[in-house]
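Both backbone and side-chain heavy atoms feed into the values below; hydrogens, waters and symmetry mates do not. Quick caveat, the model's predicted, so the values are computed rather than measured.
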Amino acid sequence: MPFFILAIFIQVLLVVHVIKTGRDSTWIWVLLMAPLIGGLAYLIVELLPGLRRSSGAQKLAKKVRDTTDPNRNLRTAHNNLRKNGTVQNLITMAEECMEKGLFEEAAGFYQRALTGQYQQDPNILEGLARAQFGAGHYDQARTTLESLINANPDYRSKIGHVLYARSLYALGEFDDAFKEFSALNAYHATALVKYHLGELLMQQHRPTDALAAFRSAVEEENDWDPTGTPDKPWQDKARARIQNLTTH
């Protein structure tokens, strides 16, 4: 009896779904005349394709694929590049290497993409700079970004600006880094930017201003980082600095 009641309940739900979603009314008769087989057919024909197309289902499918075959996209990009060495395939290969933390390899593919009409392409140059920074070649990243802006003076990129400021910081060019992070803080105040600005203010022996920058990173709303870099690591660093400044 409980199974019979459950079957009727599911049948009613499916009929209601047909009506509410405006599907072919023939399905109502199919569901009423053949509840079990009809319900299964409706599920396969009407519901499963829609579920597969939904963003949630696609994200879940991608997560499963990434877990079971983490190098699938990298392998596909490599095969496509081997078949056809187009600039787009080189860029795709470089981006897949970046995803895997293969920064030296990514830099090589970006370099190869800088050819012909793409020799001074700002997006490729920015990708190259990202790869060089990731590999720890901060001087190369700075040079690449300077070449980018010289060749494309109207190009604007928050990612590129942050990368340039961080490269200067990593190279110990603190005065120039301070100028860049101050400019960034005026229009792109992410937790990363606020933290670095606080560190530079500390170096200038301005602990009160540095504390304000660190607190802003932790307590105030931060701009969204277009690279997807999470706030938490930089907020954790800022909290440690706040603790140190307020207990000494």
K.L.:
With a cut-off of 6.0 Å (strictly less than), are more than 12 heavy atoms of other residues, nucleotides or ligands near CG of Asn150?
P.N.:
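Yes, enclosed.
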K.L.:
Report yes or no: do Thr86 and Asn84 form a side-chain donor-acceptor pair below 3.5 Å?
P.N.:
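No, because no side-chain N or O of Thr86 sits under 3.5 Å from a partner of the opposite role on Asn84.
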K.L.:
Could you list the residues that satisfy side chain to side chain donor-acceptor pair (under 3.5 Å) with Ser167, not counting sequence neighbours?
P.N.:
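Checked Ser167 against side chain to side chain donor-acceptor pair (under 3.5 Å); zero matches.
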K.L.:
For the residue pair Asn222 and Trp234, establish whether any side-chain heavy-atom pair is separated by less than 4.5 Å.
P.N.:
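No - every pair of side-chain heavy atoms lies 4.5 Å or more apart.
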K.L.:
Cluster partners of Ile149, using ILVMFWY side-chain heavy atoms under 4.5 angstrom, listed by chain and number?
P.N.:
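Once heavy-atom contacts under 4.5 Å are chained together, Ile149 still belongs with nothing else.
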K.L.:
Filter on salt bridge (Lys or Arg N to Asp or Glu O under 4.0 Å), then keep only pairs touching residues 160-172, sequence neighbours left out; what's left?
P.N.:
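Listed once each, the pairs would be none.
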K.L.:
Are any of the side-chain heavy atoms of Val87 and Leu114 separated by less than 4.5 Å?
P.N.:
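Not touching, per the 4.5 Å side-chain cut-off.
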K.L.:
For a quick test of reading the model, state the closest non-hydrogen atom pair linking Pro226 to His188 and the distance between them.
P.N.:
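What the structure gives for the nearest pair is CD-CE1, 3.6 Å.
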K.L.:
Using the side chain to side chain donor-acceptor pair (under 3.5 Å) criterion, which residues pair with Arg82? Sequence neighbours excluded.
P.N.:
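Side chain to side chain donor-acceptor pair (under 3.5 Å) check on Arg82 returns Asn79.
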K.L.:
As an exercise, state the distance from CD1 of Ile242 to NZ of Lys237, rounded to the nearest 0.5 Å.
P.N.:
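Separation between the atoms: 14.0 Å.
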K.L.:
Who are the ring pair (Phe, Tyr, Trp, His ring centres under 6.0 Å) partners of Tyr169, not counting sequence neighbours?
P.N.:
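For Tyr169, the residues satisfying ring pair (Phe, Tyr, Trp, His ring centres under 6.0 Å) (neighbours in sequence not counted) are Phe174, His196.
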K.L.:
Are the side chains of Thr190 and Val193 in touch, meaning some heavy atoms are under 4.5 Å apart?
P.N.:
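Yes. Closest side-chain heavy atoms under 4.5 Å.
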K.L.:
Report the residues that fulfil ring pair (Phe, Tyr, Trp, His ring centres under 6.0 Å) with His161, sequence neighbours left out, ordered by chain and then residue number.
P.N.:
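His161 satisfies ring pair (Phe, Tyr, Trp, His ring centres under 6.0 Å) with Tyr187 once adjacent residues are dropped.
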K.L.:
Got a sec, which residues hit side chain to side chain donor-acceptor pair (under 3.5 Å) with Asp209, two or more places apart in sequence or on another chain?
P.N.:
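Partners of Asp209 by the side chain to side chain donor-acceptor pair (under 3.5 Å) criterion, ordered by chain and then number, come out as Arg206.
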K.L.:
Linking I/L/V/M/F/W/Y whenever any side-chain heavy atoms sit under 4.5 Å apart, do Leu201 and Leu192 land together?
P.N.:
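Yes.
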K.L.:
Hey, is CD on Glu146 packed in by over 12 heavy atoms from elsewhere, all under 6.0 Å?
P.N.:
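Yes, because the 6.0 Å sphere around CD of Glu146 holds more than 12 heavy atoms from other groups.
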K.L.:
Roughly how far, to the nearest 0.5 Å, is the CZ atom of Phe178 from the CG atom of Leu200?
P.N.:
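Between Leu200 CG and Phe178 CZ, I get 7.0 Å after rounding to 0.5 Å.
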K.L.:
Any side-chain heavy atom of Leu197 sitting closer than 4.5 Å to one from Glu180?
P.N.:
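No, too far: nothing below the 4.5 Å cut-off.
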K.L.:
So Leu125 and Leu145, do their side chains get closer than 4.5 Å, heavy atoms only?
P.N.:
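No, every pair of side-chain atoms sits at 4.5 Å or beyond.
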K.L.:
List the residues meeting salt bridge (charged side-chain N to carboxylate O under 4.0 Å, His left out) with Glu199, not counting sequence neighbours, and say none if there are none.
P.N.:
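Per chain and number, Glu199 pairs via salt bridge (charged side-chain N to carboxylate O under 4.0 Å, His left out) with Arg241.
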K.L.:
Apart from Leu81 itself, what residues make up its hydrophobic cluster, given side-chain heavy atom links below 4.5 Å?
P.N.:
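Cluster partners of Leu81: Leu74, Leu90, Met93, Leu102, Phe109.
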K.L.:
Can you sort out the partners of Arg142 under salt bridge (charged side-chain N to carboxylate O under 4.0 Å, His left out), two or more places apart, ordered by chain and number?
P.N.:
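Partners of Arg142 under the salt bridge (charged side-chain N to carboxylate O under 4.0 Å, His left out) test: Glu173.
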K.L.:
Could you tell me whether the side chain of Phe214 reaches within less than 4.5 Å of the side chain of Met202, counting heavy atoms only?
P.N.:
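Yes - at least one pair of side-chain heavy atoms lies under 4.5 Å apart.
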K.L.:
Closest approach of Tyr155 and Leu148, non-hydrogen atoms and distance?
P.N.:
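In this case the closest contact between Tyr155 and Leu148 is CD2-CD2, 3.3 Å.
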K.L.:
Applying side chain to side chain donor-acceptor pair (under 3.5 Å), name anything that partners Ser147, two or more places apart in sequence or on another chain.
P.N.:
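If we apply the side chain to side chain donor-acceptor pair (under 3.5 Å) test to Ser147, skipping adjacent residues, there are no hits.
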K.L.:
Nearest 0.5 angstrom please: Thr227 OG1 to Met98 CE, how far?
P.N.:
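Those atoms lie 10.0 Å apart.
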K.L.:
Which residue pairs pass the side-chain hydrogen bond (donor to acceptor under 3.5 Å, both in side chains) test when at least one of the two sits in residues 102-122, sequence neighbours left out?
P.N.:
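Counting only pairs at least two positions apart or across chains, the side-chain hydrogen bond (donor to acceptor under 3.5 Å, both in side chains) contacts touching residues 102-122 are Glu104-His137.
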